[in-house]
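Remarks on the structure that follows.
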Number of protein chains: 2
Amino acid sequence: MTPANLPHLLHELKQHLLFLSGQVEDAVAKVVQAIMTRDSRLAREVIAADTEIDNLEVRIEGECQRILALHQPVAGDLRFVVATLKINNDLERMGDLAKKIGKNVVYLCGVPPTGAQPDFREIAEKARSMVKRSIDAFVNADAELARQVMADDDAVDQLKDELYEELRTAIRSNPDELEALLKLYGVTRNLERLGDMATHVAEEVIFIVEGDIVRHSAGG
Amino acid sequence: MTPANLPHLLHELKQHLLFLSGQVEDAVAKVVQAIMTRDSRLAREVIAADTEIDNLEVRIEGECQRILALHQPVAGDLRFVVATLKINNDLERMGDLAKKIGKNVVYLCGVPPTGAQPDFREIAEKARSMVKRSIDAFVNADAELARQVMADDDAVDQLKDELYEELRTAIRSNPDELEALLKLYGVTRNLERLGDMATHVAEEVIFIVEGDIVRHSAGG
């Protein structure tokens with residue numbers, strides 16, 4: 001047995017948060033592969049894997065509570081545990097977004113392919129990388145990396161705007177595909193929201209590291 | 001000066017959370033009035049008021065941190081503070097949703113009215129009431145009220161489906177109004193998300209009150 005001292009428990013907490021983040025990144029990568037290859041089996045895998053993400057969140061929250069109750073962290077350690085509670089919750093929501101996209105993919109696999117086939121790979125890869133780096137920035141208290149994540153949000157927004165435009169054009173020329181095209185619209189929006197949520201985490205990191213209130217200045 | 005003992009601080013924390021909830025409810029009520037009356041001034045008021053909501057969130061989080069650091073709550077008190085941290089964050093996101101809708105309203109006021117004029121009053125009123133009752137349920141540890149909130153989510157979903165259908169019909173008959181109709185689609189979705197977030201809070205309440213894991217069983 002390893003000793004249950006506070007630094008050790010905080011180190012473990014970081015590892016568990018990184019593991020949860022990895023599960024969310026995986027879900028994002030897989031669900032985009034599913035949409036690009038019309039693979040409903042893979043989409044269903046992502047939907048099913050959300051249960052594991054939910055369980056991890058519950059476990060990490062329990063760890064935070066035990067640390068607060070038994071080790072009474074102060075100052076930076078306390079701020080870290082409080083932030084973990086929020087970021088843990090955010091990661092679970094990101095998992096929900098991947099699951100939502102998975103449900104859209106299952107729907108889309110059940111109807112004929114639309115004429116327009118928007119390419120989600122770039123926006124999804126950017127969003128996935130933002131999720132990864134926002135959590136890396138958090139566990140390493142790296143404000144510089146957090147700022148890079150925030151800067152990437154503009155690129156994701158622009159890709160979203162381009163995809164929206166492509167989909168509006170498709171709706172105008174193929175109104176009979178409206179339902180499927182609106183699902184693709186929803187996929188775009190949820191990928192952008194993943195980027196938004198990673199940006200939220202990055203703002204939190206800067207807030208903690210620099211005591212700066214950047215949280216509510218951008219976006220929202 | 002009032003004594004700064006733990007029960008007193010927890011009582012104050014509840015009052016502040018209720019006040020924040022009231023601000024969010026106000027924003028929801030106003031933004032829907034703005035959309036129904038095409039009142040861009042009112043929509044801009046909602047957008048501006050989000051800063052106050054953000055400030056309240058930061059203040060409440062600070063209170064939680066001070067309580068954890070200086071009063072080391074345990075058991076039920078600790079669980080309450082931990083849940084407040086998350087629910088406080090949720091309320092701030094709900095404020096963001098009202099602000100997002102406000103931005104859509106400002107856009108819609110700048111373009112000719114669409115032929116279809118969906119009535120958002122019922123879904124908005126239901127969502128607002130869900131927000132109110134979810135926070136009431138939390139501060140009063142009222143699992144019964146929380147269950148009522150969860151039950152209402154189905155009604156909101158159904159209203160959303162009806163509005164979506166109305167808007168899809170409008171897009172098919174008036175493709176030239178596509179951009180404005182997609183904004184109305186977004187308004188519908190964000191009202192439904194408000195209901196989702198209130199449901200999330202209600203699940204948390206039941207989880208706390210009954211130690212039950214209902215959190216991740218529904219929705220997501």
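Each chain gets a letter, A, B and so on, in the order its sequence line appears, and its residues count up from 1. Since this is a predicted model, take the numbers as computed values, not measurements. Note: hydrogens, waters and symmetry copies are ignored here, and every other heavy atom, side chains too, is used.
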* To do: Test side chain to side chain contact (heavy atoms under 4.5 Å, CB included) on B:K86 and A:N88 and set out the steps.
  => CA-CA 10 Å; B:K86 291 165 64 180; A:N88 182 42; over 6 Å; no
* Structure fact -> Pair count under 4.5 Å, heavy atoms only, with chain B: among A:V82, A:V81, A:I171, A:V74, highest is A:V82
* To do: Find the distance between CD (B:Q72) and NE2 (A:H71) and round it off to the nearest 0.5 Å.
  => 13.0 Å
* Asked: For B:D176, is it the side chain, the backbone, both, or neither that has a heavy atom closer than 4.5 Å to a heavy atom of chain A?
  -> neither
* To do: Give a yes or no on whether B:E52 atom CD has more than 12 heavy-atom contacts from other residues, nucleotides or ligands under 6.0 Å away.
  => yes
* Structure fact -> In terms of heavy-atom contacts, A:L178 and B:R168 come closest through CD2-O, 3.5 Å
* To do: Evaluate the side chain to side chain contact (heavy atoms under 4.5 Å, CB included) criterion for residues A:L85 and B:N89: first the C-alpha distance (whole Å), next the side-chain angles of each, then the deciding distance (0.1 Å), finally the verdict.
  => CA-CA 10 Å; A:L85 281 165; B:N89 204 29; over 6 Å; no
* Asked: Does A:Y185 reach the side chain of B:L182, with side-chain heavy atoms less than 4.5 Å apart?
  -> yes
* **Largest heavy-atom contact set with chain B, pairs under 4.5 Å, which of A:T51, A:D90, A:L97, A:L70** => A:D90
* Structure fact -> Between the CZ atom in A:R193 and the CZ atom in B:R193, the distance rounded to the nearest 0.5 Å is 3.0 Å
* Determine whether more than 12 heavy atoms belonging to other residues, nucleotides or ligands lie under 6.0 Å from atom CD of A:Q117. => yes
